[in-house]
Amino acid sequence: MIKWIGLLLWLPSLVWAEAIGSYAAGCQLNARPLPASGPGFYVIRANRERFYGQPPLIDYLQDLGRHVRQAGLPPMLVADIAMERGGPFRSGHRSHQTGLDADIWLRPPPRNPDTRRLERIKAVDMVDHRYYILNAHFRDPQRQLIALAAQDERVSRIFVHPLIKSAMCRAYGEADWLGKLRPWFGHSSHFHVRLHCPPGDNQCEPQAAVPAGTGCGRELASWLNDKAGAIPAGSRPPYRPVLPERCIGWVR
Ligand SMILES: [Zn+2]
């Protein structure tokens with residue numbers, strides 16, 4: 001009898017996915033892996049096993065892949081999502097902890113995208129840092145990809161390089177989704193999609209809503225003027241945030 005009660009208590013953990021905590025201090029339960037490839041996308045650097053996300057994010061990425069294919073764009077390259085249980089990465093970005101963040105590269109896929117090539121693939125920078133302008137790699141397919149990614153209700157915000165935000169403002173004028181594109185240094189070869197907390201995830205900490213408007217005016221100008229604000233090179237101490245209680249022991 002006790003055994004059966006135990007089983008009944010354990011069963012829901014098989015199906016209830018959950019994002020716990022904040023994007024930069026949290027974990028996830030019952031994450032789903034994004035398949036290695038599908039219509040309109042490839043997962044890159046799959047050997048890092050950072051391709052797990054909450055079901056709404058996995059659905060979103062697969063939907064976006066289909067839209068990419070329908071638009072006749074080259075398949076997108078999906079890089080880091082989160083680890084199976086979430087939590088802080090040992091290296092690299094601070095967020096991506098709750099299975100609601102995903103990085104998408106801006107370069108097109110290699111010609112023969114086999115597993116080995118997709119694991120060793122190199123990023124392509126879209127910014128000419130010497131003259132602080134976008135280079136010839138940033139073209140219409142890149143603009144279209146970012147526009148498709150932003151036009152989805154599930155998206156809370158997308159981090160892009162300030163010069164890329166500026167180019168999107170020029171191309172799309174007054175589109176209401178432009179406000180979701182948040183200028184942030186370091187996003188010159190990829191953009192970073194962040195979804196809202198899934199409905200019903202009571203322990204998922206949302207981020208403040210993006211300010212109203214397109215964000216193409218004064219706010220962007222301040223980023224563009226601050227060219228020296230790039231992330232300093234060199235190693236940073238490992239990021240060890242205080243995790244919610246439910247994540248302690250789960251991710252480490
Ligand atoms: Zn990211």
Side-chain angles (χ1 to χ4, degrees), residues 19 21-28 31-34 41-54 56-62 64-65 68 76-107 118-119 121-127 138 142 145-150 152 154-165 168 180-198 204-208 210 215 223 229-233 235-236 238-241 243 251:
S22 69
Y23 299 96
C27 61
Q28 59 172 346
R32 254 170 53 195
L34 181 66
F41 74 89
Y42 293 105
V43 171
I44 56 169
R45 299 174 165 179
N47 50 333
R48 297 184 181 196
E49 297 191 33
R50 292 175 170 183
F51 46 68
Y52 291 92
Q54 287 296 292
L57 179 61
I58 302 303
D59 290 345
Y60 163 81
L61 291 168
Q62 289 177 310
L64 180 57
V68 160
M76 62 178 179
L77 299 174
V78 181
D80 287 349
I81 303 176
M83 295 182 290
E84 186 170 8
R85 294 180 172 202
F89 288 148
R90 221 156 270 141
S91 61
H93 10 223
R94 296 190 163 192
S95 61
H96 291 260
Q97 294 195 28
T98 53
L100 297 171
D101 294 285
D103 288 339
I104 299 172
W105 279 17
L106 286 162
R107 59 158 289 172
L118 291 171
E119 260 169 30
I121 190 166
K122 294 247 176 343
V124 173
D125 204 318
M126 305 279 139
V127 171
F138 192 82
Q142 281 70 29
L145 172 59
I146 297 171
L148 285 174
D152 190 302
R154 292 169 282 192
V155 172
S156 153
R157 60 193 76 216
I158 294 181
F159 299 104
V160 294
H161 191 279
L163 287 171
I164 292 179
K165 166 94 191 195
M168 295 299 288
K180 290 188 199 174
L181 302 184
R182 312 302 300 157
W184 206 265
F185 290 114
H187 291 78
S188 54
S189 59
H190 76 279
F191 61 97
H192 171 143
V193 181
R194 173 167 294 171
L195 298 197
H196 292 291
C197 280
C204 178
E205 277 175 42
Q207 201 176 347
V210 296
W223 278 93
I231 294 167
S235 59
R236 287 191 293 183
Y239 178 60
R240 287 283 167 262
L243 297 178
V251 295

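In what follows, every heavy atom counts, from backbone to side chain, and hydrogens, waters and symmetry copies are set aside. Here the structure is a predicted model, which is why all the values come from computation and not from measurement. Counting starts at 1 for both ligands and their atoms, following the listed order.
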His96: which N/O/S atom is nearest the Zn ion (ligand 1)? NE2
Is His192 close enough to the Zn ion (ligand 1) to have an N, O or S atom under 2.8 Å? yes
Parallel, tilted or perpendicular: which describes the rings of His161 and Phe185, with under 30° parallel and over 60° perpendicular? perpendicular
Can you say whether the rings of Phe159 and His192 are parallel (under 30°), tilted (30 to 60°) or perpendicular (over 60°)? perpendicular
Starting from the C-alpha separation in whole Å, work towards a yes-or-no answer on side chain to side chain contact (heavy atoms under 4.5 Å, CB included) for Ile104 and Phe41. CA-CA 10 Å; Ile104 299 172; Phe41 74 89; over 6 Å; no
Contact check: His190 to the Zn ion (ligand 1), N/O/S below 2.8 Å: no
Checking the side chain of Arg107 only, and the main-chain atoms of Leu77 only, is there a donor and an acceptor separated by less than 3.5 Å? no
The atom name of the N, O or S atom in Asp103 nearest to the Zn ion (ligand 1) is OD1
